[in-house]
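Just below is one structure, and these are the notes that go with it.
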Amino acid sequence: MADQDNFFERVYEVVRQIPVGRVTSYGSIGKFLGAARSARMVGWAMNSAVNFEDIPAHRVVNRNGILTGKHHFKGTNLMQQLLESESVVVHNDQVQDFDNVFWDPMKELQRDS
DNA sequence: CGTTTGACTAGTT
DNA sequence: AAACTAGCCAAAC
């Protein structure tokens with residue numbers, strides 16, 4: 001069933017599918033949803049997603065691999081802590097080896113047919 | 001219902 | 001190279 005009733009839920013669906021040890025960017029998610037120019041909306045969705053424990057928002061970073069929204073988390077450095085706990089190397093609020101841990105929904109999920 | 005904002009991104013100065 | 005501007009779009013006020 002189409003759980004995608006709202007833009008937010010669509011984002012949640014994608015973020016939920018982010019594998020452990022991988023991160024993605026707002027733009028990529030938005031692009032996958034068909035709203036590449038709505039990268040901010042993805043962030044907005046995440047703002048609400050913080051209320052959802054099922055949404056690993058910490059796996060979503062900006063295009064630079066920087067933990068832009070770390071300040072929005074419960075803990076100041078919680079975002080980094082979570083990423084590090086998932087085998088993601090983070091240093092100075094920035095994801096190291098970003099290209100290696102970057103998870104592209106369009107490439108990994110690929111809208112099948 | 002009009003204005004502001006906001007976890008972005010790409011382009012320009 | 002760093003800072004600023006603009007575009008984007010939907011939710012919150």
Open item on the list: What is the distance, to the nearest angstrom, from the CG atom on A:Asn62 to the P atom on B:dC8?
Closed with: 7 Å

Open item on the list: Ignoring hydrogens, what is the shortest heavy-atom contact between A:Val14 and A:Pro105? Give both atom names and the distance.
Closed with: CG1-CB, 3.8 Å

Task: Terminal contacting nucleotides, 5' and 3', DNA chain C versus chain A (heavy atom, 4.0 Å) - done: C:dG7 to C:dA12

TODO: Would you kindly compare A:Arg37 and A:Ser48 by the position of their nearest DNA chain C nucleotide and give the one closer to the 5′ end?
DONE: A:Arg37

Open item on the list: Is the shortest side-chain heavy-atom distance between A:Val89 and A:Val95 below 4.5 Å?
Closed with: no

Open item on the list: Salt bridge or not between A:Arg10 and A:Glu13? Use side-chain N to carboxylate O under 4.0 Å.
Closed with: no

Open item on the list: Base, sugar-phosphate or nothing for A:Asn47? Non-hydrogen atoms, less than 4.0 Å.
Closed with: base

TODO: Quick one: label A:Val50 by what it contacts on the DNA or RNA (base, sugar-phosphate, nothing), any heavy atom closer than 4.0 Å.
DONE: base

- [ ] Find the partner of C:dA1: check Watson-Crick (N1-N3 plus N6-O4 or O6-N4) and G-U wobble (N1-O2, O6-N3) distances, both under 3.5 Å, and reply none if neither fits.
- [x] none

Task: salt_bridge(A:Lys70, A:Asp93) N-O dist < 4.0 Å - done: yes

Open item on the list: In this structure, how many angstroms lie between the P atom of B:dA7 and the CZ atom of A:Phe8, rounded?
Closed with: 12 Å

Task: Atom-to-atom span, CE of A:Met41 to P of B:dT9 - whole angstrom - done: 12 Å

Task: Spacing between A:Asn64 atom CG and B:dA7 atom P, to the nearest angstrom - done: 16 Å

TODO: Counting heavy atoms from C-beta on, name the nucleotide in B:dC8, B:dT9, B:dA7 closest to the side chain of A:Ser25.
DONE: B:dT9

Open item on the list: Output the rounded distance in Å from OH (A:Tyr26) to P (B:dA10).
Closed with: 14 Å

- [ ] Choose from B:dA10, B:dC8, B:dA7 the nucleotide whose nearest atom is closest to any side-chain atom of A:Ala39.
- [x] B:dC8

Task: Phosphate contact (B:dT9 OP1 or OP2) by A:Arg40 side-chain N/O below 4.0 Å - done: no

Open item on the list: What is the separation between atom OH on A:Tyr12 and atom P on B:dA7, rounded to the nearest whole Å?
Closed with: 15 Å

Task: Close side-chain approach of A:Phe7 and A:Leu33, heavy atoms under 4.5 Å - done: yes

Open item on the list: Counting the atoms with a prime plus P, OP1 and OP2 as sugar-phosphate, which does A:Ala57 contact under 4.0 Å by heavy atoms, base, sugar-phosphate, or nothing?
Closed with: base

